[in-house]
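Have a look at the structure below, then the notes.
Proteins come first, then strands; the chains are lettered A, B, ... in the order of their sequence lines, and each starts at number 1.
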Amino acid sequence: MTALYSLLAVLVLALVAYLGAEAGLHTLFGVVIPYAAFLLFVGGFIWRVVRWGKSPVPFRIPTTCGQEKSLPWIKQNKFDNPSTTGGVIVRMLLEAFLFRSLFRNTKARLQDGNLVYRWTRWLWLFGLMFHVSFLVIFVRHFRLLTQPVPGFVQFLDALDGMFQIGAPQLYITDVLILTGLTFLLLRRFFIPQVRYISLANDYFPLFLLLGVAVTGVLMRYFSRVDVVGIKELAVGLASLHPTVPQGLQSLFFVHLFLVSVLVAYFPFSKLMHMGGVFLSPTRNLANNSRMKRHINPWNYPVKVHSYEAYEDEFRELMKQAGIPVEKE
Amino acid sequence: MAKTPTPKEILRIDHRPPKTGWMDTPVRFKPGTWCYPGSKDALEYLGYPNIRDWMPTDEDWKLPENWKEIILEGMADRLDKYRSFKVFMDICVRCGACADKCHFFLGSGDPKNMPVLRAELLRSIYRREFTKAGKLLGRLAGARELTTDVIKEWFYYFYQCTECRRCSVFCPYGIDTAEITMMARELLHLLGININWIMTPVANCTRTGNHMGLQPHTFKENIEYLCDDIEEYTGIRITPSFNRKGAEVLFVTPSADVFAEPGIYTCMGYLLLFEHIGLDYTWSTYNSEGGNFGLFTSHEQMKKLNAKIYLEAKRLGVKWILGGECGHMWRVIHQYMDTLNGPADFLEVPVSPVTGTTFENAASTKMVHISEFTADLIKHGKLRLDPSRNAGIVATFHDSCNPSRAMGLLEEPRYILKNVVPEFHEMPENTIREQTFCCGSGTGLNTDEFMEMRMRGGLPRANAVRYVHDKYGVNRLACVCAIDRATLSTLMDYWVPEVTVSGVSELVGNALVMEGEKKRETNLRGEPLAGTEGESDV
Ligand code: SF4
Ligand code: SF4
């Protein structure tokens with residue numbers, strides 16, 4: 001049900017953009033909404049991170065996933081249980097770019113009264129596939145926003161199209177992102193536990209991303225869009241002198257609108273895991289709390305049951321038992 | 001008390017979620033799956049609010065009138081104080097990677113025991129009360145109303161989490177459900193909702209220094225009884241000191257080691273070890289509990305109990321502190337103590353008086369783990385060990401949750417074991433080290449009325465033991481945790497009765513060749529030795 005609502009929501013959004021574009025609201029969908037979305041994104045992102053940042057990290061609580069630094073002859077696992085900032089940086093990079101923790105994933109099954117665990121890396125694989133493709137596609141789009149196009153964008157573009165299949169050349173990431181997203185969606189439908197926990201806010205971004213990817217693919221491979229016109233609009237937007245060229249297709253506006261919605265929705269949704277992962281205290285802290293004192297900014301004194309109070313209560317018993325006391 | 005189902009009955013676990021959505025599936029308080037509320041005496045002594053007669057099975061929980069306000073204020077306060085809490089409320093993507101990592105889910109099949117859903121129980125309220133989307137879209141955004149049923153559900157499921165942190169290892173963002181459970185328990189305390197097996201120990205630890213409420217003379221006597229046993233088995237008389245000023249080292253260990261089987265054998269191991277190396281140390285009756293039941297209660301309570309360690313070290317004028325085998329005690333010492341009650345600038349950086357090793361990793365907190373200390377002694381050849389006295393023992397090692405996932409103490413105990421027992425085998429790799437499975441009874445859930453859930457939660461651990469028992473004939477489950485020593489014993493009796501449980505130091509004690517000892521005929525349990533042939537130095 002929630003999945004259906006989410007799909008419907010995305011379809012309605014697409015329809016709105018289509019009708020709007022057909023009605024000639026090109027400035028609205030091509031300039032006003034993208035700018036608004038961008039502002040929401042930047043503002044929202046900063047607000048979110050600042051809001052997190054405002055809460056302190058009172059305790060050093062890394063989840064340690066390997067041998068700690070202890071005696072010199074015991075080999076420390078420097079990245080899964082870092083004791084230095086350098087180690088933490090590596091741990092975070094492994095987490096952010098290679099999904100280190102997901103790589104550990106296992107699947108448990110009860111089999112004739114025994115629990116068996118199998119490594120399962122599908123989520124890791126397709127998750128990574130989606131994220132990396134998304135990143136590459138994102139960077140590739142700078143081709144449209146810049147004039148001249150920077151070298152690394154051209155390079156990435158060439159790399160992505162290296163198989164040289166068809167005309168226009170097929171980008172590998174286009175295939176990968178659709179595969180990745182489809183997998184992520186299907187597992188929400190078919191794995192019972194995952195279906196049970198899924199909310200509309202899980203389906204909606206997936207459908208939205210699929211919408212973005214599909215319209216992008218349609219534009220590139222199936223409907224001949226006016227790339228020159230799009231570039232004119234994009235460069236204009238990027239240089240803050242927007243102009244809306246004539247003759248842009250409605251499909252393009254649907255794509256742009258879905259992107260705008262995604263961007264605007266981002267900071268207010270679970271998609272903020274992108275920023276949050278860097279702030280997670282179980283990952284971004286060194287496990288050195290016995291070596292270096294960690295300060296809790298709101299530490300406050302508490303009333304401790306003192307030794308004096310203890311001795312006052314038990315003095316006679318202590319004396320009889322031959323335990324030394326402070327006051328005879 | 002409820003009758004615990006048989007292993008066969010328990011193994012009929014169905015991991016498929018029910019037809020009704022989780023927000024529409026109310027909690028059912030089945031016997032054997034929840035703990036009794038705190039005793040009035042303990043709560044009064046500690047000054048907790050809303051003390052009353054109640055039972056979780058009651059319809060009316062007699063909450064304070066403004067309970068909703070209390071919860072929301074409590075949440076706001078904690079969101080401001082803990083970045084962990086705030087970030088973990090916001091960034092879960094419900095990928096489900098954590099779902100089948102929790103022993104309680106594996107053993108019960110109850111979907112609300114999936115860490116992600118356990119957290120959603122609280123997150124749904126957070127969304128409703130603290131986010132715009134939740135306020136506007138309600139259910140569609142995964143938000144729900146805060147009702148008394150939600151409170152009941154919290155009590156049920158946040159006392160079916162042992163704060164073991166296994167889920168956090170697998171979560172791509174490190175979301176630690178233990179952290180969320182800690183917050184939820186704090187919130188419940190504000191309404192006077194708590195469990196007795198935590199609150200009574202907290203009260204006892206406060207007053208008498210240990211969780212069973214042993215008074216100073218009894219504590220001392222208990223240790224002296226152990227010395228009597230040691231004398232009987234080894235011919236060596238040990239006379240430890242108590243509350244002695246000027247000792248070099250203060251030794252702190254869970255009090256269960258002093259009075260309960262099989263912990264007492266571990267304690268005999270410590271006593272023999274310290275005698276063997278001539279350590280200048282003292283026990284403390286004021287601080288006669290290493291385990292910190294405050295960790296299961298609230299950060300404040302944890303601080304109050306933990307403070308005694310440094311206070312006592314200061315009063316006695318020791319140089320540094322040595323800590324016995326315990327899981328959650330070590331989480332508190334390793335990750336919290338210095339922050340809560342430091343700086344320990346009146347102590348010195350720990351140096352082993354026997355090997356001269358400086359424990360750099362404890363340079364600030366000044367507290368060393370017994371396994372670190374012992375491993376260093378063995379490495380330097382300072383112990384005379386005869387592993388053949390552990391002949392017949394085929395050991396495996398259970399990593400306790402906290403030393404493995406909140407510290408990383410993995411190799412030291414293994415190194416010790418391999419030096420003191422003749423045969424050692426690891427359990428399967430997905431069940432040890434950072435992926436270790438909880439005993440199923442941690443965080444104060446080791447009570448009898450909770451037995452069904454304990455046996456369910458302990459199933460993954462027991463199952464791995466069963467595996468090495470069948471494959472290699474493993475008959476001894478060694479660990480470095482006092483709660484484990486107690487709870488794993490019960491768990492083994494239930495699932496793998498061929499296996500017994502012991503602390504690592506017990507096996508060290510068995511193997512130690514003491515100067516002037518008589519020919520040993522029994523181990524520290526008084527059982528005849530399997531092979532009493534010759535001695536060999538290691
Ligand atoms: S693994 Fe982490 S992100 Fe995934 S569902 Fe569990 S808590 Fe959420
Ligand atoms: S901390 Fe342990 S008991 Fe709690 S939800 Fe996570 S895996 Fe389960």
Side-chain angles (χ1 to χ4, degrees), chain A residues 52 55 57 59-61 63-71 74 81 99 101-102 104-106 108 110 113-115 117 192-194 196-202 268 270 272-273 276-277 279-283 287 289-294 296 298 302 304-305 307 310 314 317-318 321 323-324, chain B residues 11 13 16-17 80-81 83-84 86-87 90-91 93-94 96-97 99-100 106 111 116-117 140-142 165 168-174 176 206 215-217 220 242-243 286 300 303-304 307 315 334-336 338-339 342-343 361-365 372 376 405 407-408 410-411 430 434 460 463:
Chain A
W52 285 332
S55 299
V57 180
F59 301 106
R60 199 163 267 269
I61 51 163
T63 306
T64 60
C65 299
Q67 172 64 38
E68 72 172 336
K69 180 176 161 58
S70 68
L71 298 162
I74 292 179
N81 191 347
F99 298 4
S101 296
L102 263 193
R104 286 194 191 95
N105 202 9
T106 56
L110 196 63
N114 284 312
L115 282 163
Y117 313 91
Q193 285 94 13
V194 181
Y196 199 65
I197 57 177
S198 293
L199 302 171
N201 354 357
D202 299 314
F268 310 98
K270 69 166 194 177
M272 271 308 282
H273 66 268
V277 61
L279 280 126
S280 176
T282 59
R283 290 290 185 273
N287 177 35
S289 34
R290 262 193 301 157
M291 282 175 251
K292 282 206 190 94
R293 179 150 194 254
H294 179 85
N296 171 3
W298 50 261
V302 293
V304 178
H305 188 69
Y307 174 80
Y310 170 85
F314 297 114
L317 292 166
M318 290 170 79
I323 299 170
Chain B
L11 277 172
I13 309 161
R16 281 167 314 178
D80 284 343
K81 277 180 163 166
R83 187 180 300 165
S84 51
K86 215 187 228 175
V87 171
D90 282 331
I91 63 170
V93 298
R94 284 164 300 280
D100 60 354
L106 290 174
V116 44
L117 214 45
L140 213 50
R165 308 181 99 206
S168 164
V169 168
F170 294 90
C171 172
Y173 319 116
D176 182 6
T206 304
Q215 301 190 354
H217 56 296
K220 180 171 182 244
F242 295 84
N243 301 6
Y286 166 64
E300 179 166 316
K303 178 171 161 127
K304 282 186 190 173
R315 185 180 76 87
H334 186 76
Q335 296 199 322
Y336 293 101
D338 209 347
T339 302
N361 64 333
S364 179
T365 303
E372 294 167 344
D376 174 66
R405 288 186 282 261
M407 191 173 173
L410 306 176
E411 294 305 332
N430 292 124
E434 73 276 4
N463 207 244

Kindly give the heavy-atom pair with the smallest separation between A/Asn81 and B/Gly408, and that separation in Å.
ND2-CA, 3.6 Å
Intermediate values then yes/no, side chain to side chain contact (heavy atoms under 4.5 Å, CB included), A/Ile323 and B/Lys220:
CA-CA 8 Å; A/Ile323 299 170; B/Lys220 180 171 182 244; 3.6 Å; yes
Between A/His305 and B/Tyr286, the two heavy atoms sitting closest are O-OH, 2.7 Å
Given a strict heavy-atom distance threshold of 4.5 Å, which part of A/Arg104 is in contact with chain B: side chain, backbone, both, or neither?
both
When rounded to the nearest 0.5 angstrom, what distance separates OG1 in B/Thr339 from CZ in A/Arg293?
6.5 Å
Give a yes or no on this: more than 12 heavy atoms of other residues, nucleotides or ligands lie within 6.0 Å of atom NZ of B/Lys303.
yes
To the nearest 0.5 Å, what is the distance between CD (B/Gln335) and OG (A/Ser289)?
5.5 Å
The reported gap from CE in B/Met407 to CD in A/Gln67 (rounded to nearest 0.5 angstrom) is 9.5 Å
Options A/Gln193, A/Met318, A/Arg60, ranked by heavy-atom pairs under 4.5 Å with chain B, top entry
A/Gln193
Using atom types as modelled and distance alone, determine if a side-chain donor or acceptor of B/Asn361 lies under 3.5 Å from a backbone N or O of A/Leu71.
no
Write down the atom of B/Arg94, the atom of A/Ile197, and the distance for their closest heavy-atom approach.
CD-O, 3.2 Å
Side chain of B/Lys86, backbone of A/Trp52: donor and acceptor closer than 3.5 Å?
no
Counting heavy-atom pairs under 4.5 Å with chain A, which one of B/Pro460, B/Pro343, B/Ala362, B/Ala307 comes out on top?
B/Pro343
Can you tell me which of B/Glu411, B/Lys81, B/Arg16 forms the most heavy-atom pairs within a distance under 4.5 Å of chain A?
B/Lys81
Just give me the residue among B/Gly142, B/Gly96, B/Ser84, B/Pro17 that pairs up with chain A most often, heavy atom to heavy atom, under 4.5 Å.
B/Pro17
Gap between atom CG of B/Asp90 and atom NE2 of A/His273 - 0.5 Å precision:
13.0 Å
Let me know if B/Asn463 has heavy atoms under 4.5 Å from chain A in its side chain, its backbone, both or neither.
side chain
Of all the heavy-atom pairs spanning A/Leu110 and B/Leu11, show the shortest one and how long it is.
CD2-O, 3.5 Å
Please look at A/Val302 and chain B and tell me whether the side chain, the backbone, both or neither of the residue comes under 4.5 angstrom of a heavy atom of that chain.
both
Could you tell me which portion of B/Val93 (side chain, backbone, both or neither) has an atom closer than 4.5 angstrom to a non-hydrogen atom of chain A?
both
So which part of A/Ile74 gets closer than 4.5 Å to some heavy atom of chain B, the side chain, the backbone, both or neither?
side chain
Show the nearest heavy-atom pair for residues A/Arg283 and B/Ser168, with the distance to one decimal.
NH2-O, 2.6 Å
Indicate yes or no for a side-chain donor-acceptor contact from A/Thr282 to the backbone of B/Gly174 under 3.5 Å, with no hydrogens or angles considered.
yes
Ignoring hydrogens and geometry, is there a side-chain-to-backbone donor-acceptor pair from B/Glu372 to A/Ser70 under 3.5 Å?
no
Please look at A/Asn296 and chain B and tell me whether the side chain, the backbone, both or neither of the residue comes under 4.5 angstrom of a heavy atom of that chain.
both
Check: B/Arg315 side chain, A/Tyr307 main-chain N or O, donor-acceptor pair, under 3.5 Å:
no
Output the option from A/Val57, A/Asn105, A/Leu102, A/Ile61 having the highest count of non-hydrogen pairs under 4.5 Å with chain B.
A/Ile61
Nearest 0.5 angstrom please: B/Gln215 CD to A/Tyr310 OH, how far?
8.5 Å
Apply side-chain contact (heavy atoms from CB on, under 4.5 Å) to B/Cys171 and list each qualifying residue two or more places apart in sequence or on a separate chain.
B/Tyr173, B/Ile175
Please name the pair of heavy atoms, one in A/Gly66 and one in B/Leu410, separated by the smallest distance, quoted to 0.1 Å.
C-CD1, 3.5 Å
If we ignore hydrogens and angles and just use 3.5 Å, is the side chain of A/Thr64 paired with the main-chain N or O of B/Arg405 as donor and acceptor?
yes
Using side-chain heavy atoms (C-beta onward) and a distance below 4.5 Å, is B/Phe170 in contact with A/Thr106?
yes
Heavy-atom proximity to chain B below 4.5 Å, by part of A/Phe268
neither
